[in-house]
2 protein chains.
Amino acid sequence: MKIDIDTVLREHGIQPSAQRVAVAQYVLNTTAHPTAEKVAAEVRKTFPMISRATVYNTLNLMVEHGLLREFVLDDGTTVFDANVGSHHHFVDDETGRIHDIPWDSLKVSKLEALEGFEVREYQVVLRGRLRGTSRRRS
Amino acid sequence: MKIDIDTVLREHGIQPSAQRVAVAQYVLNTTAHPTAEKVAAEVRKTFPMISRATVYNTLNLMVEHGLLREFVLDDGTTVFDANVGSHHHFVDDETGRIHDIPWDSLKVSKLEALEGFEVREYQVVLRGRLRGTSRRRS
DNA sequence: ACACGCGCAAGACTAAGTCTAACTTTAGAC
DNA sequence: GTCTAAAGTTAGACTTAGTCTTGCGCGTGT
């Protein structure tokens with residue numbers, strides 16, 4: 001479950017440090033799509049002295065080095081996603097939580113027909129409710 | 001081209017005022033997907049005394065009443081779109097500008113197969129370059 | 001051992017947006 | 001037309017998320 005974070009960082013060209021490992025440890029092992037502040041809060045549970053700037057620096061570093069993906073929600077909050085492969089997103093209207101949708105669950109066609117646009121990447125953003133949820137409050 | 005803004009507002013249940021008309025006048029007649037600050041700047045050209053709060057209030061009002069749509073870009077900036085019908089978005093990597101893609105240009109299939117998700121709406125967000133643009137700088 | 005550089009901390013700073021309190025305008029009643 | 005209450009507007013304080021700056025300390029290579 002939890003491989004050697006130290007190695008993962010190094011493999012992606014990031015020099016490890018206690019703080020960076022702590023951040024990576026958390027953010028690479030959750031599917032919760034946390035915000036930067038959430039990451040900071042979590043990490044501080046085991047590493048109380050880490051500064052905000054370091055958390056932000058580390059997250060940005062990880063994004064730059066392809067270890068993490070940044071995603072901005074409709075309400076403007078930006079969250080991080082350890083799932084760096086292509087996938088779509090479903091946003092729960094009620095809780096705001098994001099769920100990853102496997103790439104192959106959806107198919108977008110007619111992309112070729114877009115005259116004048118050279119598409120590098122795309123993604124479907126869905127919004128709605130989870131079916132059969134008995135209203136769990138966040 | 002420019003219908004009676006006063007009437008449009010009233011038809012959507014918004015009591016017109018000089019400030020509101022000025023904001024609506026601009027934002028309903030552009031396809032530029034402006035930010036709130038951009039709207040404020042534009043409106044001030046003809047209405048210098050309008051306050052920031054009023055611009056924000058008016059834009060939010062218009063969104064609530066379905067005259068406008070809010071859209072958050074990947075970098076977290078939120079912009080407004082007078083095109084309230086369903087459509088997709090293409091974000092130009094180079095300039096950051098957004099282009100509306102007609103709903104029927106793309107087709108998303110297999111939506112039904114999403115077990116457990118009750119989709120209320122969705123949208124494809126594409127990213128890339130405009131084809132054949134001779135690098136116009138923003 | 002030494003110095004150089006990288007990373008970290010703390011807090012100042014910025015940008016975008018919301019909130020508040022006081023003032024002004026408007027619509028409707030008389 | 002005048003009055004009043006409600007609605008709208010203003011300026012600026014406040015909040016939140018994030019970046020920048022400055023200085024310190026530790027590790028590493030020679």
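In what follows, chains are A, B, ... by sequence order, proteins preceding strands, each numbered from 1. Remember, predicted model here, so these are calculated numbers, not experimental data.
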Spacing of F80(B) atom CZ relative to dG17(C) atom P, expressed in whole Å: 7 Å

Value in whole Å for how far the P atom of dG17(C) lies from CG of L73(B): 11 Å

Atom-pair distance (CZ on R10(A); P on dG7(C)), nearest Å: 12 Å

Among H89(B), H87(B), H99(B), ring-ring contact (aromatic ring centres under 6.0 Å, His included) partner for H33(B): H89(B)

Touch class at under 4.0 angstrom, heavy-atom based, for T35(B) against every strand present: nothing

Interatomic distance where CG belongs to L9(A) and C1' belongs to dG7(C) [whole Å]: 14 Å

Check: K107(A) main-chain N/O paired with S109(B) side-chain donor or acceptor under 3.5 Å: yes

OP1 or OP2 of dT9(D) under 4.0 Å from side-chain N/O of S17(B): yes

E37(A): salt bridge (charged side-chain N to carboxylate O under 4.0 Å, His left out) partners, not counting sequence neighbours: R52(A)

Whole angstrom value for the distance that separates C1' of dT10(D) from CZ of R44(B): 11 Å

dA16(C) phosphate, OP1 or OP2, under 4.0 Å from T78(B) side-chain N/O: no

Nearest-0.5 Å distance that lies between atom CG in L68(A) and atom CG in D81(A): 7.5 Å

Distance test, side-chain N/O of Y56(B) to OP1/OP2 of dG17(C), below 4.0 Å: yes

Sugar-phosphate, base or nothing in reach of N60(A), heavy atoms under 4.0 Å: sugar-phosphate

Side-chain hydrophobic cluster, 4.5 Å single linkage: members besides V72(B): V72(A)

Are any protein N/O atoms closer than 3.5 Å to N/O atoms in nucleotides 9-13 of chain C? If there are, list each pair with its distance.
from   : atom 1 : to     : atom 2 : distance (Å)
dA9(C) : OP1    : Q19(A) : NE2    : 3.4
dA9(C) : OP1    : M49(A) : O      : 3.1
dA9(C) : OP2    : S51(A) : N      : 3.1
dA9(C) : OP2    : T54(A) : OG1    : 2.8

Could you go over nucleotides 26-30 of chain D and give all protein N or O partners under 3.5 Å, atom names and distances?
none

Distance-only check: which donor-acceptor pairs under 3.5 Å involve side-chain atoms of residues 41-49 of chain A, not counting sequence neighbours?
from   : atom 1 : to     : atom 2 : distance (Å)
E42(A) : OE1    : K45(A) : NZ     : 3.4
E42(A) : OE2    : K38(A) : NZ     : 2.8
E42(A) : OE2    : K45(A) : NZ     : 3.2
R44(A) : NH1    : I50(A) : O      : 2.6
T46(A) : OG1    : V43(A) : O      : 3.3

Distance, rounded to the nearest Å, where D75(B) contributes CG and dG18(D) contributes P: 12 Å

R20(B) side-chain N/O to dA7(D) phosphate OP1/OP2 under 4.0 Å: no

Expected output: side-chain H65(B) to main-chain V63(B) donor-acceptor under 3.5 Å: no

Whole-Å gap separating P (dA15(C)) and CD (E37(B)): 10 Å

Polar side chain donor-acceptor pair, N60(A) to E64(A), under 3.5 angstrom: no

Partners meeting salt bridge (charged side-chain N to carboxylate O under 4.0 Å, His left out) with E121(A) (sequence neighbours left out): R127(B)

